[in-house]
Protein chains: 2
Amino acid sequence: MRKMSTCFLSLLLLSTGLFAQESQPLSAQLNKVKLEFKLDEAGRPVYQVDYAGKKAIKPSVMGFELANDAAFAKDFVITSSQKSAHDDSWKPVWGEVSSIRDHYEQLTVHLKQKNAPFRLLDIVFRVFEDGVGFRYTFPKQKDLKHFVVSKELTEFNQTGDHKAFWIPGDYDTNEYKYTTSTLSAVDAWVVKDKATDIVVRVVPDQHSVATPLMLKTSDGLYINIHEAALVNYPAMQLHVDTKNFGMSASLVPDATGNKAYLYAPFSTPWRTIIVSDKATDILSSKMILNLNEPSKLATTDWIKPMKFMGVWWELQIGKSGWNYADSQDTLDAKGQLIPNGKHGGNTANVKHYIDFAAKNGIQGLLVEGWNVGWEDWFGSWKENVFDFTTPYPDFDVKAISDYAKSKGVSMIMHNETSGAATTYERYLDTAFKFMNTYNYPAVKTGYVGKIIPRGEHHDGQWMINHYQRVAQKAADHHVMLDSHESNRPTGLHRTFPNWMASEAGRGNEYNAFSDGNPPDHETIMPFTRFMGGPMDYTPGIFKLKGYAAAAPDRQVHTTLAKQLALYVTLYSPLQMAADLPENYDAHQDAFQFIKDVATDWDDTKVVEAEPGDYISTARKAKGTSNWFIGAITDENSRVTNIPLTFLDKGKKYIATIYGDAATTDWQKNPEAYVITKVVVTQATVLNLKLASGGGAAVSVYPATAAEASKYKAYKK
Amino acid sequence: MRKMSTCFLSLLLLSTGLFAQESQPLSAQLNKVKLEFKLDEAGRPVYQVDYAGKKAIKPSVMGFELANDAAFAKDFVITSSQKSAHDDSWKPVWGEVSSIRDHYEQLTVHLKQKNAPFRLLDIVFRVFEDGVGFRYTFPKQKDLKHFVVSKELTEFNQTGDHKAFWIPGDYDTNEYKYTTSTLSAVDAWVVKDKATDIVVRVVPDQHSVATPLMLKTSDGLYINIHEAALVNYPAMQLHVDTKNFGMSASLVPDATGNKAYLYAPFSTPWRTIIVSDKATDILSSKMILNLNEPSKLATTDWIKPMKFMGVWWELQIGKSGWNYADSQDTLDAKGQLIPNGKHGGNTANVKHYIDFAAKNGIQGLLVEGWNVGWEDWFGSWKENVFDFTTPYPDFDVKAISDYAKSKGVSMIMHNETSGAATTYERYLDTAFKFMNTYNYPAVKTGYVGKIIPRGEHHDGQWMINHYQRVAQKAADHHVMLDSHESNRPTGLHRTFPNWMASEAGRGNEYNAFSDGNPPDHETIMPFTRFMGGPMDYTPGIFKLKGYAAAAPDRQVHTTLAKQLALYVTLYSPLQMAADLPENYDAHQDAFQFIKDVATDWDDTKVVEAEPGDYISTARKAKGTSNWFIGAITDENSRVTNIPLTFLDKGKKYIATIYGDAATTDWQKNPEAYVITKVVVTQATVLNLKLASGGGAAVSVYPATAAEASKYKAYKK
């Protein structure tokens, strides 16, 4: 006890004293955001961030420890520094807006160690209007070629016991429910131990959290910590000092405990601190995308955002199965698998989905369980499961490919690796050639289970490189990528615009096979998981109760209108209509919103937002004058007011409002909704009533003269 | 101290008591070799081996421990057992003899555990005239599907403090010098610490040795312990109980400490105990080959044993280099590597070797350092080094391929992986297609350095599977394989007859870059490393002193005649003529033996042998009446008498004897030799005088009438 007190005191002294004992710091500022940098008396790099004169990040040290080598953490001197300004804009291949402004002040600091071998380290800060990004660069230098990072020392010290929206710092999964607590209450092990619905959980540090981490201070500052351009480096998690509210980088290790194998010159991923006094600014931030490199693809005209359906939800809810036979040992006299009659990915069923998708203008169709191996794919750390090209006997890939083509539907390949990345790499060329042969323009990859190479983790350097290799290979074959159970994104879809989406978070699927996602889940995800890039969340469940054969009482924790709103709230250029055809046929009026909603946008307005409570978003569909609005709330019903100021002045629009009914309640009456069609203008303020666990979706398009006279003007 | 004494006593009691407390054992016997099996009172499987009524292996337990599971080691009952006899023969695609007799008594024991889940384990013993092989089979059973071996318990308990010829039980290398000591004196760490010429050394157990382990008892029994058919399982090493002379299996672990990931039904590799009172029987044993599965290749007519030269020794001795530039950072203004002018694998030099090989009837040519990446390939656990298809600018692969073809020389590809097996697997298809495109019928692979997947070892299950994948891929492309730094062989060349040779031992190359191999080295290797299969030892060095630029005093620890003898002593169907063309041109008379000697044999007679001292071998070249004899000795000069009883009765032969001169001595005068051509018959007994570190090579072919009259009859 005495020891701990001493430690506590010395840390406090350290934290407050860091900036006090040295000369004037270097600084850079853009509007309200100010960055200061200096070396402390031990020659350690230290930075801090202010927002509007308030401390956002307290003095925090920077640096590294290398394996079997001298520390790269102190005894530095500043040899020089430069400042520069940058302001331009660029156009993403697809996204939430058509043009992105990249506006920052840059401070580059060149450091050198005082003692032999006089090593060099550069730190580059970029100060944006909405935060700070910084990265380390190990310059080319005589005595540093290959090196191994054993620890990154970067701190993100907080000014108080902020409210945090967090999941555990797990090496292998991001699929936890979010916990909302103060920093002092962070206990990753309690959460991990409860999360029995997640297959692989590895959380060595009890006080660790994953990024993107969303924080809110007691005086109303919103702070988001993550990273950008995670390339050839492990994912950064954060160790939380629950006493002093300090946080420090915690890199996911490899099988031997090392973190990163590098070669100078090398630049680390950017560490990002987005900060504002408005929650909507956090969601609107393009800082992470700006910190990524431009597209490295030669052509991008083959990249086409789309909606898709799947022989998928019926597998998740147990209506049919991935596997063709009950077990790999269920063989007939000829040694062939004996079918169990419950296989979802069969030709007839797939054609049924193709018909439905074609009829309803849904462009894509995913089929899982199409290939041999699902009888024994899971949970055994088994290396040779799938070969990615051998269909089950009842899946006629040629016939299906031809039929889909004749109907104008794009097939989406499914490559589940069961975590055996080594096996997938062995077959990668063959797998992508197979997709080209059978006209699959997109692939969903999966990494369920413990990783092979055994001892590696989903979020370690080797796997980070693997995911990128797959994205590159997909690009080489003009295939779009949707990676599941991969690392959470860090804006790399700017560099690889064919890497459309990742899962890497707790998607709607948990409502199928576990106790699901709580009503506030989707109000937190845009502030956390989505900060780095699109997620294949799979919204659009209409049958919200009684869908799971094995658990009749199971239900999705939203209303039907909220499921529609998610198509706007949760951005993905590959967006699923996840429910079964028959459930959409039962609500074709509501399904119209899914048919209409875009997957690529010219503009986005986050109208109002509070993490854990609500989000209202309006987006303008690419190349049109149509807007789509999504508003969601948590377990509390609320009213959201949405001024349609973004509409063209003087024009009339038809707004179709898909709202919760007066009696709607996510628990008792989730599937009740009301559809209203009205005339709106730029002056309209929509007043949308969201039920408990509810939402509202609105489509807005220019009215024809006939429509303008047919429908009534909107009234609150 | 007290604790250790107690432990010692109880172990002694255990060892002697095992067989005393149970009923009559099961047994199988063939000639002098007798195997007995029973369960001890704890229900543990126990076996023992006798030879000619003498104990060869004392009672030794068998079994496994599984990870996160009940032990698989005791509480067994015997449910049934079968005995059967087998006697037939088969023809290898190539080898030391043209036909191999497979003659054994088989005892199969079916075991079941007394308690739930009543698991099953079978043990299959095969008793040959020259020893015992046994394997475990995990039958298909309800409660054992996927399982993980954490420990194999198999013991090989010795009757006394035998003389052992051993190298450390290293997870990553077999390239140690052999130590000859008693079992009680085994200290692997002392050897490991001294072996600074080996790159990667990992020896966690101080009292561990590798197999094949050669033992000699004080009463003249020779015992060899190894394994056969190592498939989907880690290599077995042996932990030595230096007090009681017990030995137990020690499997090479993966990155997480597990040993093998298996699925029932599964059969382990065979554990082999070869035993005889004649050392020559050990060398003649075909037990390990017999315990391997027959060839699984559809065709084998493309597999052609051959001799080859290489742009290789000149790299090893520093005459030229693998790398094209001095460093990967040595770039010109266009970013291209600046050549250092010392690159051996250049088109002109390669053509020079092709000319020499063609002129001298050497079929193959290896070129190392032909491909981009050698500036930074080594020692940094670097993953992306080579792509296996990009030549250096001065290596014109098309021109070289065409030139070699025009001269009738086969190019041998070199695929060094620098231990990055993951990278090699990624490029494997492409690499082998490249070989097909450019007419390379063989490939030498290399695994220098720490393995990637990081944390895996050269001899663990994952890499064992990798080597086999490469062998299979090579077979698919009709390419012969010579794998270096891979696992020591276990007879798998029967199953994959395109897997011609491995290194996996301390080859002649150590004489180029280190203090080399002691004079007794090649008298031990046939009893150890070669027991599992051919080695690419690279004999044939003629310039035995003053060859190494960096170390003028360095010398090979043999005489020139012994280098010739090694072509017979050390069998490989890919056999190198390792020295430089100019060194062969300086001794064209001696080089004649290398030009003449075969690489595939109809018959082999081991005339006399003693591990660590001497070996004399005679072999009959495939499809001819020609014999070749090799006799070698250690540091002691000796005389070997070789009765030519294997020659056809009544025929006259010309024997060309390449022997040490009277003044020859490996240290002082190694390159002196005498060539004698004489007439011999079946009645001749060659009396060959071998110098210290010396040897003699003899070619014997039927004499024409002219030759029979021209040359004198052999006289002692």
Side-chain angles (χ1 to χ4, degrees), chain A residues 67-68 140-142 145-148 202 232 253-265 327-329 331 375-385 420-430 433 449-457 460-463 465-466 469-470 472-473, chain B residues 67-68 140-142 145-148 202 232 253-265 327-329 331 375-385 420-430 433 449-457 460-463 465-466 469-470 472-473:
Chain A
N68 308 317
K140 183 173 170 175
Q141 52 196 293
K142 190 165 161 292
K145 293 192 187 296
H146 290 281
F147 62 104
V148 177
V202 178
N232 193 22
D254 80 349
T256 74
N258 287 328
K259 305 301 168 30
Y261 300 81
L262 303 175
Y263 185 82
S327 135
Q328 70 276 30
D329 298 326
L331 302 174
E375 287 72 24
D376 179 35
W377 72 283
F378 176 76
S380 305
W381 228 355
K382 180 182 176 184
E383 182 157 21
N384 297 305
V385 177
T422 47
T423 309
Y424 194 36
E425 295 210 353
R426 234 169 264 149
Y427 287 101
L428 214 53
D429 283 327
T430 312
K433 280 179 193 155
K450 290 163 87 174
I451 291 296
I452 305 178
R454 296 189 183 96
E456 293 286 351
H457 296 285
Q461 184 190 25
W462 198 89
M463 284 301 294
N465 286 333
H466 166 82
R469 275 195 293 273
V470 173
Q472 180 65 60
K473 186 68 74 179
Chain B
N68 309 314
K140 183 172 170 175
Q141 52 196 294
K142 191 165 161 290
K145 293 192 187 296
H146 290 282
F147 61 104
V148 177
V202 178
N232 192 23
D254 80 350
T256 74
N258 287 327
K259 305 301 167 32
Y261 300 80
L262 303 175
Y263 186 82
S327 135
Q328 70 275 30
D329 298 327
L331 303 174
E375 286 72 23
D376 179 36
W377 72 284
F378 176 73
S380 304
W381 228 356
K382 180 181 177 184
E383 183 158 19
N384 298 304
V385 177
T422 48
T423 308
Y424 195 36
E425 294 210 354
R426 234 169 263 149
Y427 288 101
L428 213 53
D429 283 326
T430 312
K433 280 178 193 155
K450 290 163 86 175
I451 290 297
I452 307 179
R454 296 192 183 94
E456 292 285 351
H457 295 285
Q461 183 191 25
W462 197 89
M463 284 302 294
N465 285 335
H466 166 83
R469 276 194 292 273
V470 173
Q472 180 64 61
K473 184 70 73 180

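Throughout, a chain's letter reflects where its sequence line sits, starting with A, and its residues are numbered from 1.
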### Message
Give me the atom names and distance for the closest heavy-atom approach of B:H146 to A:S380.
### Response
CD2-OG, 3.0 Å
### Query
Are any non-hydrogen side-chain atoms of B:T256 and A:W381 less than 4.5 angstrom apart?
yes
### Query
Based on non-hydrogen pairs under 4.5 Å, which of B:D429, B:N465, B:T422, B:L428 is most in contact with chain A?
B:T422
### Task
Could I get the full list of side-chain contact (heavy atoms from CB on, under 4.5 Å) partners for A:N384, not counting sequence neighbours?
A:T423, A:R426
### Query
Say you draw a straight line from CD of A:Q461 to CZ of B:R454; how long is it, rounded to the nearest 0.5 Å?
6.0 Å
### Query
Hey, does B:K140 have a side-chain heavy atom less than 4.5 Å from the side chain of A:D329?
yes
### Query
Which residue out of B:D376, B:I452, B:T430, B:V148 racks up the most heavy-atom pairs below 4.5 Å with chain A?
B:D376
### Query
Does any heavy atom of chain B fall under 4.5 Å from the side chain of A:Y263, the backbone, both, or neither of them?
side chain
